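So the structure is just underneath, and the comments pick up after that.
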Amino acid sequence: MIDRLREAWPRYRRPVRDALVIVGLLRAFVFFFVQGEQPWTFWGVDARAYWGVDLAHPYADSAVGELSNYLYSPAFAQLLAPFSALPFEVFFVLWTAVSVILLVWLVKPWPWVVPMLLLPIIYELCVGNIHFLLAAAFVVVLRAPSVWAFPLLTKITPGVGIVWHVVRRQWQALGIALGSTAAIIAVSFVLSPSAWIDWVTFLITERGQSELLVPRIALAAALVVWGARTGNAWTIAVAGWLALPVVWINAWVILLAVIRLRDPHWQPSRIDS
């Protein structure tokens with residue numbers, strides 16, 4: 001059965017692709033103009049949380065799902081703190097420019113994917129979350145494992161992809177990933193120990209909208225284990241998306257990382273059983 005599907009796929013690949021493009025465009029139109037959900041009317045709501053963080057009390061009144069609430073580690077807030085000296089409009093333009101650059105880089109091999117995911121792409125660019133940064137991170141971690149610190153110190157659970165290095169016995173890469181993350185935590189903690197205490201307390205007490213998080217993380221880990229054994233690096237991105245604390249509609253842009261990770265240039269070898 002599988003062999004027959006593989007033989008038939010080249011014949012139907014173009015019609016399937018065109019159908020998905022049409023579905024993507026229709027879904028975006030319905031969402032924006034029929035359902036009336038228009039993110040350009042509340043542009044920058046997520047980016048504003050990163051720009052205006054009160055480093056002394058970053059989690060005061062924060063809650064999952066609320067607008068412009070800061071939820072990530074103190075380290076990320078400290079990194080972006082200098083940008084608070086800019087007017088928010090300038091910061092958001094710079095933030096959006098980075099997102100667009102990453103978008104272009106991610107989809108360059110398959111530009112026809114853009115209309116398929118037009119809805120989450122537009123939504124993400126309007127609100128200014130970190131999903132494009134996460135997508136890029138999931139690509140480069142294979143060559144720069146220290147970048148694992150980014151998902152681990154922001155949304156945390158998408159870092160489940162680090163299991164890749166364990167399965168493939170890449171102990172040096174694993175050590176670099178964990179060591180870099182620990183070093184960042186140590187420096188950040190020295191700068192603001194109370195903020196770290198507040199963050200840990202927030203994570204323990206805030207249940208938010210993280211539905212089925214544990215089974216989703218388990219499924220994501222299993223996917224990465226299979227991907228590591230078979231040399232399918234794209235599973236890192238899919239697992240990162242699946243393991244998000246909350247899978248918002250704009251989070252689907254993380255799947256754009258699959259395009260780069262399916263490139264033979266990034267493909268690792270298979271592990272023999």
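Throughout, numbering of the chain's residues begins at 1 and tracks the sequence. Nothing here was measured: the structure is a model prediction, and the numbers come from that model.
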Acceptor/donor pairs from residues 79-94 side chains to any protein atom, 3.5 angstrom cut, sequence neighbours excluded:
unit_1: S84; atom_1: OG; unit_2: A81; atom_2: O; d: 2.6

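- For W148, the side-chain hydrogen bond (donor to acceptor under 3.5 Å, both in side chains) test picks out H165, with sequence neighbours left out.
- Residues satisfying the ring-ring contact (aromatic ring centres under 6.0 Å, His included) test with W241, not counting sequence neighbours, are W252.
- Remark: L106 CG to L255 CG distance equals 11.0 Å, nearest 0.5 Å.
- What you find for L102 and A136 is that their closest heavy atoms are CD2-CB, 3.9 Å.
- Rounded to the nearest 0.5 Å, atoms CG (N250) and CD1 (I121) are 11.5 Å apart.
- Judged by distance alone, with hydrogens and angles left aside, the side-chain atoms of Y123 form no donor-acceptor pair with the main-chain N or O of I249 at under 3.5 Å.
- Residues I130 and Y72 have side chains in contact (heavy-atom distance under 4.5 Å, counting atoms from C-beta outward).
- The side-chain hydrogen bond (donor to acceptor under 3.5 Å, both in side chains) test applied to Q35 returns R27, not counting sequence neighbours.
- The cluster map of Ile, Leu, Val, Met, Phe, Trp and Tyr, joined by side-chain heavy atoms under 4.5 Å apart, puts V190 and I184 in different clusters.
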Worked verdict on L213 versus I217 for side-chain contact (heavy atoms from CB on, under 4.5 Å): CA-CA 6 Å; L213 180 59; I217 292 175; 3.8 Å; yes
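- Residue T154 comes nearest to F150 through the heavy atom pair OG1-O, 2.6 Å, listed as atom of the first residue, atom of the second, then distance.
- Taking the side-chain contact (heavy atoms from CB on, under 4.5 Å) definition, one finds that S73 meets it with A75, F76, L153, W196, W199, sequence neighbours left out.
- Hydrophobic clustering (side-chain heavy atoms under 4.5 Å, transitive across Ile, Leu, Val, Met, Phe, Trp, Tyr) keeps I101 apart from V107.
- Taken from CH2 in W234 to CG in D263, the straight-line distance is 15.5 Å, to the nearest 0.5 Å.
- Residues N232 and W164 share a closest heavy-atom pair of O-CZ3, 3.6 Å.
- Hydrophobic cluster membership differs between I236 and I176, with clusters built from Ile, Leu, Val, Met, Phe, Trp and Tyr side chains linked at under 4.5 angstrom.
- Under the salt bridge (Lys or Arg N to Asp or Glu O under 4.0 Å) criterion, D18 pairs with R14, sequence neighbours left out.
- Side-chain contact check for F42 versus C126: every heavy-atom pair is 4.5 Å or farther apart.
- Clustering of Ile, Leu, Val, Met, Phe, Trp and Tyr by side-chain heavy atoms under 4.5 Å joins L26 with I22.
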Criterion side-chain contact (heavy atoms from CB on, under 4.5 Å) on L103 and E124, from CA distance to verdict = CA-CA 11 Å; L103 168 62; E124 177 71 3; over 6 Å; no
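- A heavy-atom distance below 4.5 Å is not found between the side chains of Q78 and V187.
- The side-chain contact (heavy atoms from CB on, under 4.5 Å) check on N69 picks up S62, A63, E66, L71, with sequence neighbours excluded.
- The side-chain contact (heavy atoms from CB on, under 4.5 Å) check on A220 picks up V160, A239, L242, A243, with sequence neighbours excluded.
- The hydrophobic clustering, which links ILVMFWY residues whose side-chain heavy atoms are closer than 4.5 Å, places W112 and L20 together.
- The shortest side-chain heavy-atom distance between L25 and V21 falls under the 4.5 Å cut-off.
- Side chains of V166 and W171 form a contact here, defined as non-hydrogen atoms less than 4.5 Å apart.
- In this structure, the separation between CG on L244 and NE2 on H131 is 5.5 Å, given to the nearest 0.5 Å.
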query = For V98 and W95, what are the C-alpha separation, side-chain angles and deciding distance, and is it a side-chain contact (heavy atoms from CB on, under 4.5 Å)?
reply = CA-CA 5 Å; V98 171; W95 186 266; 6.0 Å; no
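- No donor-acceptor pair under 3.5 Å is formed between the side chain of R260 and the backbone N or O of A135.
- Expressed to the nearest 0.5 Å, how far OG1 of T235 lies from CZ of R229 amounts to 13.0 Å.
- Here the shortest heavy-atom pairing between V53 and A49 reads CG2-O, 2.8 Å.
- The structure places OG of S194 at 10.0 Å from CG of L55, a figure rounded to the nearest 0.5 Å.
- Side-chain heavy atoms closer than 4.5 Å link hydrophobic residues (I, L, V, M, F, W, Y) into clusters, and following such links, even through other members, never connects I197 to Y70.
- Between P151 and G159, the closest heavy-atom pair is CB-N, 4.3 Å.
- Put simply, the side chain of V167 does not reach to within 4.5 Å of the side chain of V224, judged on heavy atoms.
- Evaluation of the side-chain contact (heavy atoms from CB on, under 4.5 Å) rule for V34 yields F29, V30 as partners, not counting sequence neighbours.
- T230 places a side-chain N or O within donor-acceptor distance of the main-chain N or O of W226, the cut-off being under 3.5 Å.
- Taking all atoms of both residues into account, the shortest heavy-atom contact from A195 to P58 is CB-CG, 4.2 Å.
- No side-chain heavy atom of W110 sits less than 4.5 Å from a side-chain heavy atom of L256.
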Exercise. Could you go step by step and tell me if V253 and L117 meet the side-chain contact (heavy atoms from CB on, under 4.5 Å) rule?
Worked result: CA-CA 7 Å; V253 301; L117 293 178; 5.8 Å; no
